[in-house]
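For the numbers below, each heavy atom of this structure counts, side chains included, while hydrogens, waters and symmetry mates do not. Nothing fancy with the numbering, it's 1 onward along the sequence. Each ligand, and each atom within it, is numbered from 1 in the order the structure gives.
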Amino acid sequence: MERSFKKEAEALKLGSGDTFHGEGILAVTKALLQSGVSYVGGYQGAPVSHLLDVMVDAEDLLSDLGVHVETCTNEASAAAMLGASISYPLRGAVTWKSVVGTNVAADALSNLASPGVVGGAMIIIGEDYGEGASIIQERSYAFALKCSMWLLDPRPDLPTIVNTVEQGFELSEASNTPVMLELRIRACHVSGSFPAKDNRRGLYSGQNRIAGPPRHEYIRLSHPPSTYIHEKQKVDQRLPAAQAFIRERKLNEVIAGEVDDVGIVVLGGLYNGVIRALSRLGLADLFGNPRLPIYVLNVAYPLIPEEVKSFCAEKRAVLVVEEGNPEYVEQQINTELRRADIQTRVLGKGLLPRAGEYNSEPLINGLAGFIAETRPMGIDADAIAARVKEMLAHKAGALTALGDLPPRPPNFCTGCPERPVFSAIKLVQREIGPTHISADIGCHSFATLPPFSLGNSILGYGMSLASAAAVGPNFSRRPIAVMGDGGFWHNGLVSGVASSLFNQGDGVLIVMQNGYTSATGQQYLPTSRTTRSGAPTGMSIEKTLRAFGVKWLRTVHTYGVSTMVKTLKEAMRTAERGLKVIIADGECMLARQRRIRAEEAEKLKRGERVVRARYGVDDEICTGDHSCIRLSGCPSLTVKPSPDPLRTDPVASVVETCVGCGLCGEVAHAAVLCPSFYRAEVIRNPNRWDRALHRLRRTIIGWFAGRAEVAA
Ligand code: SF4
Ligand code: SF4
């Protein structure tokens with residue numbers, strides 16, 4: 001990982017008497033240490049990458065506490081880590097991005113939830129749902145329901161989050177069940193403070209290891225006949241134990257209001273949005289005190305029937321605010337109330353949208369609709385409706401004033417090593433025609449968007465080759481699968497490569513070897529240059545593929561577009577059957593720039609010579625057809641007005657952000673475009689030779705320029 005979290009790691013050392021200030025996800029990290037965890041692991045992904053990144057940078061503190069940190073190769077291995085808590089009183093936590101990560105971990109989770117745990121086990125899931133999400137829109141709630149694991153969904157408020165983590169471990173132990181802590185994007189990034197406590201050592205840890213023989217109790221294995229007993233334990237023992245704990249510790253909250261004939265039931269993570277919407281409707285003050293009573297479910301599953309009944313019993317109606325589909329909580333509340341013959345109306349979906357994030361507008365509309373429908377005593381429903389109408393009229397006016405905004409699809413970074421590969425694919429397709437391209441998860445998925453628009457399917461992380469397995473035998477051209485090195489180690493090696501070799505598949509796989517899991521923040525992977533401690537990893541994709549039996553294997557430097565074009569054509573046309581793999585080698589430019597900039601700053605401080613390459617376009621030669629822009633897509637390659645007053649078309653131009661990767665020049669050469677690109681070197685702290693060369697060049701240029709003027 002090229003970015004350092006040393007500053008954040010310092011905050012983890014705070015103790016009793018200190019006040020912690022920071023973001024929600026860092027507060028969770030601190031709460032884990034205050035809870036006495038013995039191990040932590042996970043697989044990075046937004047919005048919880050920070051948790052593991054900070055833990056990795058806090059290595060000294062964690063080794064003092066004896067906490068083992070594991071950067072897992074995928075979510076399944078992270079979930080399996082929790083197996084340590086099945087038989088031993090070890091508290092542990094793992095983290096990943098959900099719902100995709102939970103899908104990958106599903107097998108291990110089922111086998112963990114079946115025997116249950118004796119040490120507190122917590123899964124911190126980054127619920128990546130809504131407007132800023134980068135994955136498919138599904139809810140993790142289903143996993144909690146199907147596995148009988150408890151789902152904590154704390155109100156986005158640092159003391160509540162920290163309390164939920166600490167109590168979550170106790171809940172896990174009291175009910176012998178792993179718990180999931182759901183953090184939405186906004187909860188991860190909410191800022192605040194809480195009174196810190198001292199960090200605790202786990203009962204057992206690297207500093208105090210478990211002595212004696214390992215435990216062998218058959219009931220702790222998820223294997224028949226134990227599994228039949230586990231099923232009954234989940235319902236008869238663990239669920240009632242959990243509900244008793246949640247009730248006694250008051251993990252859920254009731255926020256009183258002025259009116260008592262209606263109320264709101266909200267999942268903890270959505271509380272801040274609801275309060276903000278109430279405040280805009282004039283139904284809450286600026287300090288967040290609502291006029292309507294609110295039952296906050298900091299534990300989204302299981303529900304506590306006594307609490308639900310007690311909150312709803314004397315009310316005419318309640319509104320359940322539950323984002324996403326289906327409405328699990330609303331259905332359960334309906335069931336509990338009908339079973340108890342309580343006739344409170346339960347409203348939710350319908351007033352609130354069935355799909356999509358509950359941000360400001362849906363919440364304002366939903367709450368106003370609830371007020372209009374139920375007309376609570378003491379609230380002027382007509383005034384609220386008029387207020388909403390006025391607010392939304394402003395929005396319509398603002399939209400008209402702004403006009404159509406240009407779309408801004410995500411794109412590769414300037415100088416990204418993956419961009420040249422897609423330039424090469426475009427050039428190859430010009431010659432041999434288009435073929436099926438199975439895309440994957442990672443930065444390279446940006447190639448599915450303009451200007452490349454290359455990609456026909458995405459089936460999951462590391463699944464591109466596997467997803468082309470049935471395309472190849474049914475398609476006139478060999479399909480191309482594109483996979484990152486992160487995806488390769490996450491799943492692609494076994495699901496894709498081994499399966500293709502075993503089934504004698506005949507396709508092309510491009511592995512983008514950029515050295516990191518780049519899209520999630522440049523975390524290290526098994527084939528990074530080094531491990532997090534700086535030691536060489538000693539692993540190689542090339543050697544691994546050879547060992548698996550891949551015969552047709554080429555490694556090509558990504559910026560060499562001509563070589564990449566030639567290699568791709570060969571892979572597509574060769575009569576040799578079987579899997580053909582091209583390792584596209586080029587370090588993630590974002591990580592490289594972070595490293596180089598720091599190194600260069602040091603050199604400059606010492607007065608040493610520093611050279612940077614920059615590219616440019618000669619205005620007079622540029623023909624203005626902009627093929628270079630369409631083929632490279634680099635954001636640093638743009639257009640500007642032509643300096644020639646007789647030409648109206650803009651010319652191509654390279655702006656200041658260019659990192660000198662050379663792709664635009666390479667593409668111009670490989671695609672036989674106009675020769676307008678030039679490479680320049682910007683030299684800082686030049687030496688004597690640089691100065692002498694500069695003087696010589698100036699003299700020669702001046703001489704030619706002089707002759708040209710005379711000739712003119
Ligand atoms: S993070 Fe790295 S790999 Fe991803 S787009 Fe940027 S430069 Fe390319
Ligand atoms: S050299 Fe060209 S492609 Fe590379 S960063 Fe600069 S403008 Fe972009």
Q) For ligand 1, which part of Gln522 has a heavy atom less than 4.0 Å away: the side chain, the backbone, both, or neither? A)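 It is the side chain that touches ligand 1; the backbone stays farther off.
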**Q.** Salt bridge present between Glu10 and Lys7 (N-O < 4.0 angstrom)
**A.**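 The answer is no: the pair does not qualify as a salt bridge.
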Which side-chain N or O atoms in residues 683-691 pair as donor and acceptor under 3.5 Å with protein atoms at least two apart or in another chain?
from: Asn685; atom 1: ND2; to: Glu608; atom 2: O; distance (Å): 2.8
from: Asn687; atom 1: OD1; to: Trp689; atom 2: N; distance (Å): 3.2
from: Asn687; atom 1: OD1; to: Asp690; atom 2: N; distance (Å): 2.8
from: Asp690; atom 1: OD1; to: Arg609; atom 2: NH2; distance (Å): 3.0
from: Asp690; atom 1: OD2; to: Arg609; atom 2: NE; distance (Å): 2.6
from: Asp690; atom 1: OD2; to: Asn687; atom 2: N; distance (Å): 3.0

Examine distances only and state if a side-chain atom of [X] and a backbone atom of [Y] form a donor-acceptor pair shorter than 3.5 Å.
X: Thr657; Y: Ser636; answer: no
X: Arg139; Y: Val99; answer: no
X: Tyr129; Y: Ile136; answer: no
X: Asp585; Y: Thr555; answer: no

Q) Any chance NE2 of His669 has more than 12 other-residue heavy atoms, nucleotides or ligands included, within less than 6.0 Å? A) no
Q: Evaluate salt bridge (Lys or Arg N to Asp or Glu O under 4.0 Å) for Glu431 paired with Arg573, printing each intermediate quantity in order.
A: CA-CA 12 Å; Glu431 194 173 321; Arg573 285 176 169 157; 3.3 Å; yes
(Q) Tell me whether the rings of Phe446 and Phe412 are parallel (<30°), tilted (30 to 60°) or perpendicular (>60°). (A)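 The rings of Phe446 and Phe412 stand perpendicular, inter-plane angle above 60°.
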(Q) Could you check whether any side-chain heavy atom of Lys426 comes within less than 4.5 Å of a side-chain heavy atom of Leu454, counting everything from C-beta outward? (A)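 Yes - at least one pair of side-chain heavy atoms lies under 4.5 Å apart.
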(Q) Within ligand 2, which atoms have a heavy atom of Gly662 less than 4.0 Å away? (A)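 Close to Gly662: 1 (S), 4 (Fe).
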Which pairs would a plain distance check flag for residues 482-495, meaning a side-chain donor or acceptor within less than 3.5 Å of a matching protein atom at least two apart in sequence or in another chain?
from: Asp485; atom 1: OD2; to: Asn514; atom 2: N; distance (Å): 3.0
from: Asp485; atom 1: OD2; to: Gly515; atom 2: N; distance (Å): 2.7
from: Trp489; atom 1: NE1; to: Thr527; atom 2: OG1; distance (Å): 2.8
from: His490; atom 1: NE2; to: Glu75; atom 2: OE1; distance (Å): 2.7
from: Asn491; atom 1: OD1; to: Ser495; atom 2: OG; distance (Å): 2.5
from: Ser495; atom 1: OG; to: Asn491; atom 2: O; distance (Å): 3.2

Q. Heavy-atom contact under 4.0 Å between Arg592 and ligand 1?
A.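 No, Arg592 has no heavy atoms under 4.0 Å from ligand 1.
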(Q) I need the protein N, O or S atoms closer than 2.8 Å to atom 8 (Fe) of ligand 1, given as residue plus atom name. (A)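 Metal shell, protein only: Cys416 SG.
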Q: Anything protein N/O/S under 2.8 Å from atom 8 (Fe) of ligand 2? Just list residue and atom, please.
A: Cys634 SG
